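Working notes, structure below.
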Protein chains: 2
Amino acid sequence: MAGLASSIERRNGVSLWRQIADKILQGIAGGDFAENAALPPEMALAERYGVNRHTVRSAIAALVQDGVLRAEQGRGTFVLSRKRLSYPIGARTRFSTGLQGQTSERHIALLSSATEPASRRIAEALGLAKGAAVIRLETRGEADGHPVSRATTWFDAKRFAGIEAAMAETGSITASLKRFGINDYLRQSTVLSARHADADDLVAMELQPGAIVLVTVAVNVTLDGQPIQFAESRFPAERVELRLSAGD
Amino acid sequence: MAGLASSIERRNGVSLWRQIADKILQGIAGGDFAENAALPPEMALAERYGVNRHTVRSAIAALVQDGVLRAEQGRGTFVLSRKRLSYPIGARTRFSTGLQGQTSERHIALLSSATEPASRRIAEALGLAKGAAVIRLETRGEADGHPVSRATTWFDAKRFAGIEAAMAETGSITASLKRFGINDYLRQSTVLSARHADADDLVAMELQPGAIVLVTVAVNVTLDGQPIQFAESRFPAERVELRLSAGD
DNA sequence: TATAGTTGTCTATATCAATAGACAAATTTT
DNA sequence: AAAATTTGTCTATTGATATAGACAACTATA
């Protein structure tokens, strides 16, 4: 699709080798190369992008370092295919249910938790007074042992006292909320954006520096419209795409 | 929110000045700086990010060039605030309807059109045979004279012969489809991803090199489920966020 | 008016990024 | 076995990136 013959920009603060590495990743995710297929030779890539062979080699070296490619002297450079997860989002989306069939194992790991006063934004979203105590959870979503998301979520500390323990134990938001008498909930709103991953997310999701993350900011509510959870989730764009179902 | 004290990565192919420029943009979009507010002095920013003052100056120079900031010798550097558009997407979203109240003028400009054989992906999405003729439209969405999106859309050439003329004339997909007897349609599926903007999109949307775009790939269908349109849209992440309504 | 704070400009230096060319090492093809 | 193809390594050169320090120009404040 887009980016067939799309070229490379110079002098923009992003090095050529990184741009080319991004293009190769994009190609892999977009299905330009089959599983275990050989990349075009370095000279061919250099010609295609109008750069020196050594620049292409820098890009490939970075991807080899990240475990995306494997280079073999005399034979070629091969794709270690990691296809992108397609993550459904909608009113009833849960972390684990949507990924059925795509992965064999998934859960949410609790990285840290804290109780803090609510900022104005969070207080408004949760229907609390500004400065009211809220519990903040820092979590990482994992599928088949690979990190696929990083989230920061806030709950009313009074109503959900001890939810961090439930999360650590069950590895599931849905299961944790059940302990507080909430058997079903809906996504009231979701706002989507994208940016470069910050240093913390790079570490938590084992990303290459400069990686792009999709960001969702969502409010979950009970069936009668009571807000219970405010969450900002980050998904690495190279590993995950978000899918909106029609009538969800 | 995220990225309060988040630091800067070195030797990753993205120059420090661009990373800092991105952070400042993020801060503006995230509301860290009020309208027309002064940025912290260069020395303060240099300390915060652990870089030399000249590096901060490079970042600021790029943003001044892009019209995001205004620097005044002896006084400070000021934000020329451009708040982000919130773009709703859902089953019934139309380009113009969703932005009501946020902008005064919006339309879609037709940049170019072509008739070509359908790739496998597009043929499948539109329910055509591979290689069947399809019309490709390259369009740009504009709000208040500013480009806010760039899209590539495909239609069955047989059924929608001449739709490029209708688009050029009406500046609206919805109005154009009306001429072919389609008064209503739904978004069957939407897939979201993010990447760096390619060279063409940089020019078309007047973006700074290295900008991030949100990408949606959607199939629109008639009310009885017949696919009529396949579209890939790109939104600059610095100007646009995507909003999912609950029951849409 | 004097002082402090801020942006603008200049010189200098070290490292990274990119280009260029040559050849070695390994593999596949002829 | 020989030739062609492809990745790996080396040297060298140029321009962009980043750091460092000094001082000028301008603004606001004491």
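Everything quoted here is computed from the prediction, not taken from an experiment.
Residue B:Thr77 places at least one side-chain N or O closer than 4.0 Å to OP1 or OP2 of C:dT7. Applying the 4.0 Å criterion to OP1 and OP2 of C:dT7, one finds that B:Arg57 has every side-chain N and O outside that range.
With B:Arg18 contributing its side chain and A:Val14 its backbone, the two residues share no donor-acceptor pair below 3.5 Å.
Atom OG in A:Ser119 sits 7.5 Å away from atom CZ in A:Phe230 (nearest 0.5 Å).
Across the protein-nucleic acid pair, B:Arg18 atom CZ and C:dA17 atom P stand 16 Å apart, rounded to whole Å. For the pair B:Met43 CE and D:dA20 P, the computed distance is 10 Å after rounding to whole Å. Taking atom CD of residue B:Glu72 and atom P of nucleotide C:dT7, one finds them 11 Å apart after rounding to whole Å. A:Ile20 places its CD1 atom 12 Å from the C1' atom of C:dA17, with the value rounded to the nearest Å. The distance between atom CD of B:Glu47 and atom P of C:dG5, rounded to the nearest whole Å, is 13 Å. If you measure from atom CG of B:Leu45 to atom C1' of C:dT7, you get 13 Å, rounded to the nearest angstrom. If you take CD of B:Glu42 and C1' of D:dT19, they are 15 Å apart, rounded to a whole angstrom. Rounded to an integer number of Å, the gap from A:Arg70 CZ to D:dT6 P is 17 Å.
With distances taken from any side-chain atom of A:Pro41 to the nucleotides D:dT6, D:dT9, C:dT7, the minimum falls on D:dT6.
Under the 4.0 Å criterion applied to side-chain N and carboxylate O atoms, A:Glu232 and A:Arg195 are assigned as salt-bridge partners. At a threshold of 4.0 Å, the pair B:Glu138-B:Arg150 counts as salt-bridged, since one of the basic side-chain nitrogens sits closer than that to a carboxylate oxygen.
No side-chain heavy atom of A:Val79 sits less than 4.5 Å from a side-chain heavy atom of A:Val68. Between B:Val191 and A:Leu242 there is no side-chain heavy-atom pair separated by less than 4.5 Å.
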> For every nucleotide of nucleotides 19-27 of chain C, 5' to 3': is a protein heavy atom under 4.0 Å from its base (B), only from its sugar-phosphate (S), or from neither (-)?
Replying inline: BBBB--BBS
> Given B:Thr152 and B:Arg234, is the side-chain hydrogen bond (donor to acceptor under 3.5 Å, both in side chains) satisfied, shown in steps?
Replying inline: CA-CA 9 Å; B:Thr152 307; B:Arg234 286 87 72 195; 3.0 Å; yes
